[in-house]
Chemist: 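Have a look at this one.
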Amino acid sequence: MIGKKKVLLGLSTPELVEIVKGYGFPAFTGKQISQWLSKKFAGSIEEMTNLSKDNRQRLSADFCVGAVPPIDCQRSTDGTIKYLFPVRCSEEAEEPETKTGKFVETVFIPDGDRATLCVSCQVGCKMNCLFCQTGKQGFDGQLTAADILNQIYSLPERERLTNIVFMGQGEPMDNLDNVLRAINWLTAEDGMAWSPKRITVSSVGIYSKLKRYLDESQCHVAISMHSPFHEQRTQLMPAEKATPLSQTIDLLKQYDFTHQRRCSFEYICFAGLNDTIEHAREIVRLLKGLECRVNLIRFHAIPDVDLPGSDEQRIEQFRDYLTTHGVFTTIRASRGQDIFAACGLLSTAKLKENETT
């Protein structure tokens with residue numbers, strides 16, 4: 001039986017240096033390992049051939065890279081690909097494969113020269129938004145930074161990626177330590193050296209965590225709005241009770257989004273519910289003075305939720321009102337709906353049910 005090993009993926013260069021010094025290796029060995037991970041994407045310690053064989057064997061007794069390939073994929077007619085990744089939800093792992101029975105879905109969205117990856121940060125979600133299939137799954141674990149990064153590291157299309165969005169399963173601010181660790185690894189000069197402007201993190205709000213994210217990261221932020229009115233947003237999104245939208249917007253107005261960093265709001269359109277002129281006027285009022293954009297999203301029906309989606313004409317009228325009143329607004333194209341990869345449809349609950357029957 002193979003015992004548990006600690007995972008290297010997601011560790012910073014200084015952390016790797018401290019690890020190798022504990023074995024009596026020279027400090028530059030940690031820098032070599034960092035290069036193998038962030039530049040060469042080694043799948044195992046054995047691949048790190050500029051380390052001596054003895055050093056590789058000693059490290060392999062206690063550590064593993066932590067790269068785990070997806071176990072399934074579904075391909076949409078529009079080119080979108082949804083991958084199923086096993087996750088550990090622990091800093092330690094069973095080798096050669098994980099055996100926790102927990103999984104997350106990750107969505108690769110190609111669009112001409114642009115290719116976006118929609119990354120998950122939790123197994124399920126605690127927020128329980130009425131319109132979201134992930135919320136119906138419930139919460140089943142926090143992903144480690146390695147779990148988050150593995151969705152990128154082990155992606156077959158990794159070399160094609162231009163953008164990453166934390167808009168998959170889970171609420172990023174509810175797992176902020178691991179989200180920030182993953183972002184730091186992606187953007188560090190001795191990591192993957194990505195520009196923060198290629199990364200967007202979505203959130204319902206969560207004031208204290210959002211403030212920390214804005215202070216510690218230069219990545220874009222996207223806030224799930226879905227209604228500008230407190231009572232209605234509470235019905236759609238229970239998190240509104242603890243973190244009102246007005247409070248979130250007041251916080252955002254303290255930051256500068258007039259340069260490269262971008263602030264946006266996600267808004268799913270429900271027919272006759274949140275797509276009225278009163279809603280548009282209130283959005284204009286709330287967002288006055290904040291440099292931002294609004295992304296309108298078509299509703300994708302989920303089981304046992306009686307919410308009607310707005311038709312195309314109504315969505316366009318809503319967009320036009322916001323735009324003519326100074327709020328830059330776009331209509332997001334739906335991608336991967338035929339494989340349940342579109343906004344609000346990600347869930348591994350059915351997989352878990354199938355495994356227990």
Side-chain angles (χ1 to χ4, degrees), residues 68-87 102-125 129 131-137 143 147-170 172 198-202 220 222 224 226 264 266-271 295-305 307-312 315-316 319 330-355:
V68 183
I71 62 170
D72 191 25
C73 77
Q74 293 177 272
R75 298 177 184 271
S76 169
T77 55
D78 64 21
T80 299
I81 307 173
K82 182 171 71 172
Y83 287 103
L84 184 70
F85 280 96
V87 295
K102 296 181 180 181
F103 306 85
V104 291
E105 294 181 323
T106 307
V107 182
F108 174 74
I109 309 169
D111 185 14
D113 294 335
R114 183 184 176 96
T116 301
L117 190 67
C118 189
V119 173
S120 295
C121 63
Q122 295 179 319
V123 182
C125 185
C129 296
F131 46 81
C132 182
Q133 186 67 34
T134 307
K136 306 304 175 192
Q137 177 179 341
L143 300 197
D147 286 327
I148 294 170
L149 289 168
N150 183 61
Q151 297 167 67
I152 303 158
Y153 198 91
S154 298
L155 184 79
E157 295 82 9
R158 182 188 65 235
E159 298 300 326
R160 294 173 57 189
L161 286 180
T162 62
N163 297 83
I164 292 171
V165 293
F166 283 77
M167 295 183 186
Q169 293 176 257
R198 297 170 65 184
I199 301 170
T200 300
V201 178
S202 178
H220 302 313
S224 298
H226 311 306
S264 59
E266 312 298 308
Y267 198 92
I268 298 176
C269 295
F270 304 109
N295 296 318
L296 302 181
I297 303 169
R298 298 167 183 85
F299 176 56
H300 305 112
I302 63 174
D304 303 319
V305 174
L307 286 171
S310 303
D311 62 34
E312 202 68 20
I315 296 175
E316 290 176 359
R319 174 201 61 195
T330 62
I331 300 174
R332 180 179 293 167
S334 292
R335 298 292 302 272
Q337 190 171 357
D338 57 328
I339 57 169
F340 297 93
C343 291
L345 297 183
L346 299 186
S347 175
T348 52
K350 192 66 179 176
L351 175 68
K352 186 175 180 181
E353 290 172 11
N354 291 340
E355 289 188 337

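Fair warning: this is a prediction, and the values are worked out from it, not measured in the lab.
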Chemist: With sequence neighbours left out, what residues match Ser310 under side-chain contact (heavy atoms from CB on, under 4.5 Å)?
Modeler: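 Partners of Ser310 under the side-chain contact (heavy atoms from CB on, under 4.5 Å) test: Cys269, Ala271, Asp275, Arg314, Ile315.
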Chemist: If you take all heavy atoms of Cys125 and Gln122, which pair is closest and at what distance?
Modeler: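 Answer, listing the atom of Cys125 first, then Gln122: CA-OE1, 4.0 Å.
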Chemist: Start with the C-alpha distance between Val123 and Gln137, add both sets of side-chain angles, then the distance that settles side chain to side chain contact (heavy atoms under 4.5 Å, CB included), and finish with yes or no.
Modeler: CA-CA 9 Å; Val123 182; Gln137 177 179 341; 3.9 Å; yes
Chemist: What's the spacing between Asp311 CG and Arg298 CZ if we round to 0.5 Å?
Modeler: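 These two atoms lie 11.0 Å from each other.
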Chemist: Which heavy-atom pair separates Pro172 from Val201 by the least distance, and what is that distance?
Modeler: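 Scanning both residues, the minimum pair turns out to be CB-CG1, 3.5 Å.
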Chemist: How many angstroms lie between CZ in Phe103 and CD1 in Ile71, if you round to the nearest 0.5 Å?
Modeler: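 Reported to 0.5 Å precision, the distance equals 4.0 Å.
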Chemist: Report the distance from atom CG of Asp147 to atom CZ of Phe85, rounding to the nearest 0.5 Å.
Modeler: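 These two atoms lie 11.0 Å from each other.
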Chemist: Might you point out which heavy atoms bring Ser120 and Ile148 nearest each other, and give the distance in Å?
Modeler: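 Distance-wise, the nearest heavy atoms are O-CG1, 3.9 Å.
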Chemist: Quick one: side-chain contact (heavy atoms from CB on, under 4.5 Å) partners of Thr200, sequence neighbours excluded?
Modeler: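 Partners of Thr200 under the side-chain contact (heavy atoms from CB on, under 4.5 Å) test: Val165, Met167, His220, Ala222, Arg262.
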Chemist: Just by modelled atom types, is the Thr162 backbone N or O under 3.5 Å from a matching donor or acceptor in the Arg198 side chain?
Modeler: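 Yes; at least one donor-acceptor contact below 3.5 Å.
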Chemist: To the nearest 0.5 Å, what is the distance between CD1 on Ile109 and OG on Ser76?
Modeler: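 These two atoms lie 10.0 Å from each other.
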Chemist: Let me know which of Asn150, Leu143, Leu84 forms a side chain to side chain contact (heavy atoms under 4.5 Å, CB included) with Val104.
Modeler: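 Looking at Asn150, Leu143, Leu84, the match for Val104 under the side chain to side chain contact (heavy atoms under 4.5 Å, CB included) is Leu143.
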Chemist: Could I get the full list of side-chain contact (heavy atoms from CB on, under 4.5 Å) partners for Asn295, not counting sequence neighbours?
Modeler: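 Asn295 satisfies side-chain contact (heavy atoms from CB on, under 4.5 Å) with Ser264, Glu266, Arg293, Thr330, Arg332 once adjacent residues are dropped.
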Chemist: Do you know the tightest heavy-atom contact between Pro70 and Pro156?
Modeler: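 Closest heavy-atom pair between Pro70 and Pro156: CG-CD, 4.4 Å.
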Chemist: Counting only N and O atoms by type, is there a donor-acceptor contact under 3.5 Å from the side chain of Gln169 to the main-chain atoms of Glu105?
Modeler: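 Here the side-chain-to-backbone pair exists.
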Chemist: To the closest 0.5 Å, what do you measure between OG1 (Thr106) and CG (Leu155)?
Modeler: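 These two atoms lie 8.0 Å from each other.
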Chemist: List for me each residue that meets salt bridge (charged side-chain N to carboxylate O under 4.0 Å, His left out) alongside Glu157, sequence neighbours excluded, and say none if there are none.
Modeler: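 Expected list: none.
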Chemist: Side chain to side chain contact (heavy atoms under 4.5 Å, CB included) for Thr116 and Asp111? Distances and angles first, verdict last.
Modeler: CA-CA 8 Å; Thr116 301; Asp111 185 14; over 6 Å; no
Chemist: Checking Tyr83 now: which residues fulfil ring pair (Phe, Tyr, Trp, His ring centres under 6.0 Å) with it, not counting sequence neighbours?
Modeler: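 In terms of ring pair (Phe, Tyr, Trp, His ring centres under 6.0 Å), with neighbours along the sequence ignored, Tyr83 is linked to no residue.
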Chemist: Specify the closest pair of heavy atoms between Pro69 and Pro86, including all atoms of both residues, with the distance to one decimal.
Modeler: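 Pro69 and Pro86 have their closest heavy atoms at O-CD, 3.7 Å.
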Chemist: I need the minimum non-hydrogen distance between Cys118 and Gly168, along with the two atoms involved.
Modeler: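 Distance-wise, the nearest heavy atoms are SG-N, 3.4 Å.
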Chemist: Report the distance from atom CG of Leu117 to atom CZ of Arg158, rounding to the nearest 0.5 Å.
Modeler: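 Output value for this atom pair is 12.0 Å.
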Chemist: Can you name the ring pair (Phe, Tyr, Trp, His ring centres under 6.0 Å) partners of Tyr267, sequence neighbours left out?
Modeler: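 Applying ring pair (Phe, Tyr, Trp, His ring centres under 6.0 Å) to Tyr267 gives Phe318.
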